[in-house]
Amino acid sequence: MNSIFRISTLLFFVFLFSNCNSFAQKKDDYSTKIDSFIKVSDPKFNGVILISKNGKTLYNKAHGFTNFETKKPITINSQFEIMSNSKLIAAVLVLLEVEKGKINLQDPIKKYLPELTQTWADSVTVHQLLNHTHGITDINKPLEFKPGTNFHYGNASYSLLGQIVEHTSNKSYSEVVNALFKKLQMKNTFAYNPDKIQNLTTGYINNKNTYESVKKTLITPENLGADGIISTVNDLAIWNNNLHKGKILKPESYQLLIKPTAQSQHNFFGKEKEGYGYSIRIIEKEPVKYIGHTGLGDGFSSVNLYFPQSDVSLIVMENQMNESSDLFYASEFKIKNILLKSDLLRQK
């Protein structure tokens, strides 16, 4: 009888251990799949990946080179131009000015930029600049459509928003945004400044896995609000943890940021139009709801996604962009889909 009891107990613990072990393997499955994908990706993955949950890093990986000529390896602390992911940061700065009573979102932009001579400056509002429903295609051309009636993504509106922040704060855009990064202890993030480059990787155009470095940046002092931020995956994780946990904006301001007030389609997020807030996409047609944005230019690609239900962030940055538009965000798209199928996003 005792021997039967001992065997039963042994079998119980073997069963328990095997189930715990299989659970651990299953839980970690997304990291194994991402590791495997990076090794065989085509076009080759060259950049950094970070996945965090509840503010803690679960997975990070640096793969490739900061410079293909010197073969200097990329590290977790390598800096990247985040390009259009800069726009969300500019939107937050505008909302902080709204909280101070210095900006009204429904005001025409002429109020804050009186030097504008374009007739549309009296009709386009700050709100419409923020969600790309302004109709501006070029600062010196007529509007493409009546403000508020359509969506057209571009950099001009966020260059103007950066100037509005300068007007209401009486400081340069760099001063304002760098002060916020300092407050959040994002120590490796700053507005682009050619004199402050530290660990910035070189950006490349990838043509069938042949790389040509980008010699001239698109960033100017005038368009810092649109695409002018340099950052790291660790710092963007800090940004997400603060922004989405109510540590930067008041709750009502945050809701304005993520409220879908326009509709837009982007291949990275699917073939259908999805909600668009203030330079953040609200994705509801995937298996798991999430919010986020992309950035592309100067030989850099970036994706910053946040999954509210599970408090998970996925941040991917590469110092390459493909010559073929069909391959923009190719690796990022597959990494996102690996995560979407994982159990991590279904855990509270």
Side-chain angles (χ1 to χ4, degrees), residues 82-113 124-134 136 147-148 151 153-186 189-191 223-229 231 235-262 264 275-282 290-295 304-306 308 313:
I82 68 172
M83 299 310 291
S84 284
N85 272 304
S86 305
K87 290 181 174 68
L88 177 62
I89 295 168
V92 168
L93 292 182
V94 171
L95 289 172
L96 287 172
E97 292 295 285
V98 170
E99 290 181 358
K100 296 173 186 174
K102 294 183 176 182
I103 293 177
N104 184 319
L105 294 175
Q106 303 309 322
D107 279 341
I109 62 176
K110 180 83 169 180
K111 177 178 179 179
Y112 306 104
L113 300 175
V124 172
T125 65
V126 178
H127 164 76
Q128 290 160 351
L129 290 185
L130 284 163
N131 70 354
H132 299 285
T133 60
H134 42 75
I136 303 168
F151 177 97
Y153 183 85
N155 284 339
S157 57
Y158 271 76
S159 297
L160 292 170
L161 286 167
Q163 293 169 40
I164 289 173
V165 168
E166 290 182 329
H167 175 84
T168 58
S169 67
N170 290 314
K171 296 177 182 178
S172 72
Y173 187 82
S174 291
E175 286 179 287
V176 178
V177 76
N178 288 341
L180 177 58
F181 296 146
K182 184 176 180 180
K183 179 181 177 181
L184 299 176
Q185 297 188 3
M186 296 168 63
T189 304
F190 52 89
N223 66 9
L224 291 176
D227 57 13
I229 301 303
S231 192
D235 273 7
L236 285 187
I238 292 172
W239 169 263
N240 282 7
N241 196 46
N242 281 276
L243 177 63
H244 301 302
K245 300 288 186 63
K247 299 175 184 177
I248 303 178
L249 295 171
K250 294 178 180 178
E252 56 269 28
S253 300
Y254 179 74
Q255 290 305 315
L256 287 173
L257 188 78
I258 64 168
K259 180 182 178 181
T261 51
S264 168
Y276 197 93
Y278 289 167
S279 272
I280 193 164
R281 297 181 185 273
I282 300 91
Y290 64 96
I291 54 181
H293 212 274
T294 55
N304 184 5
L305 309 180
Y306 179 70
S313 287

Sequence neighbours excluded, which residues qualify as side-chain hydrogen bond (donor to acceptor under 3.5 Å, both in side chains) partners of S159? none

Residues at least two apart in sequence or cross-chain that pass side-chain contact (heavy atoms from CB on, under 4.5 Å) with S174, listed by chain then number, are S172, N178, A191, L224

Tell me whether the count of non-hydrogen atoms from other residues, nucleotides or ligands lying under 6.0 Å of CD in Q106 goes above 12. yes

Can you give me every donor-acceptor pair (side chain of residues 248-258, partner residue at least two apart or in another chain, under 3.5 Å) with its distance?
{"from": "S253", "atom 1": "OG", "to": "E99", "atom 2": "OE2", "distance (Å)": "2.7"}
{"from": "Y254", "atom 1": "OH", "to": "H244", "atom 2": "ND1", "distance (Å)": "2.7"}

Show the numbers, then the answer: is there a ring pair (Phe, Tyr, Trp, His ring centres under 6.0 Å) between Y276 and F151? CA-CA 10 Å; Y276 197 93; F151 177 97; 5.0 Å; yes

side-chain contact (heavy atoms from CB on, under 4.5 Å) with P108: which residues, sequence neighbours excluded? none

If you round to the nearest 0.5 Å, how far is CG of L160 from CG of L129? 6.0 Å

Given 3.5 Å as the limit, does a donor-acceptor pair link the side chain of H167 with the main chain of Y112, or not? yes

Suppose we screen for salt bridge (Lys or Arg N to Asp or Glu O under 4.0 Å). Which residues come up paired with K100, at least two apart in sequence or across chains? E97

Distance (rounded to the nearest 0.5 Å) between I103 CD1 and S169 OG: 8.5 Å

Verify, without hydrogens or angle tests, whether N241 (side chain) and A237 (backbone) share a donor-acceptor contact under 3.5 angstrom. no

Between H132 and G154, which heavy-atom pair has the shortest distance, and what is it? CE1-O, 3.2 Å

Which value, rounded to the nearest 0.5 Å, describes the distance between Q128 atom CD and N131 atom CG? 7.0 Å

Under the side chain to side chain contact (heavy atoms under 4.5 Å, CB included) criterion, do T125 and L105 qualify, and how do the steps go? CA-CA 7 Å; T125 65; L105 294 175; over 6 Å; no

Review item, side-chain donor-acceptor pairs of residues 83-95, under 3.5 Å, at least two apart:
{"from": "S84", "atom 1": "OG", "to": "K87", "atom 2": "NZ", "distance (Å)": "2.9"}
{"from": "S84", "atom 1": "OG", "to": "Y153", "atom 2": "OH", "distance (Å)": "2.8"}
{"from": "N85", "atom 1": "ND2", "to": "S302", "atom 2": "O", "distance (Å)": "3.4"}
{"from": "N85", "atom 1": "ND2", "to": "S302", "atom 2": "OG", "distance (Å)": "2.8"}
{"from": "S86", "atom 1": "OG", "to": "M83", "atom 2": "O", "distance (Å)": "2.7"}
{"from": "S86", "atom 1": "OG", "to": "G228", "atom 2": "N", "distance (Å)": "3.4"}
{"from": "S86", "atom 1": "OG", "to": "I229", "atom 2": "N", "distance (Å)": "3.1"}
{"from": "K87", "atom 1": "NZ", "to": "Y153", "atom 2": "OH", "distance (Å)": "3.2"}
{"from": "K87", "atom 1": "NZ", "to": "N155", "atom 2": "OD1", "distance (Å)": "2.5"}
{"from": "K87", "atom 1": "NZ", "to": "A226", "atom 2": "O", "distance (Å)": "3.1"}

Set of residues satisfying ring-ring contact (aromatic ring centres under 6.0 Å, His included) with respect to Y278, sequence neighbours excluded: H127

Can you sort out the partners of K245 under salt bridge (Lys or Arg N to Asp or Glu O under 4.0 Å), two or more places apart, ordered by chain and number? D311

Side chain to side chain contact (heavy atoms under 4.5 Å, CB included) for Q163 and Y173? Distances and angles first, verdict last. CA-CA 7 Å; Q163 293 169 40; Y173 187 82; over 6 Å; no

Show every salt bridge (Lys or Arg N to Asp or Glu O under 4.0 Å) that has at least one partner inside residues 155-182, sequence neighbours left out. none

Euclidean distance, T294 OG1 relative to I82 CD1, rounded to 0.5 Å: 11.5 Å

Once you round to the nearest 0.5 Å, how far does NE2 of H134 lie from CG of L161? 8.5 Å

Partner set under side-chain hydrogen bond (donor to acceptor under 3.5 Å, both in side chains) for T189, not counting sequence neighbours: S231, D235

Tell me, please, which residues at least two apart from A156 pass side-chain contact (heavy atoms from CB on, under 4.5 Å). I136

Which residues pass the salt bridge (Lys or Arg N to Asp or Glu O under 4.0 Å) test with K111, not counting sequence neighbours? D107

Between the CG atom in N304 and the NE2 atom in H293, the distance rounded to the nearest 0.5 Å is 10.5 Å

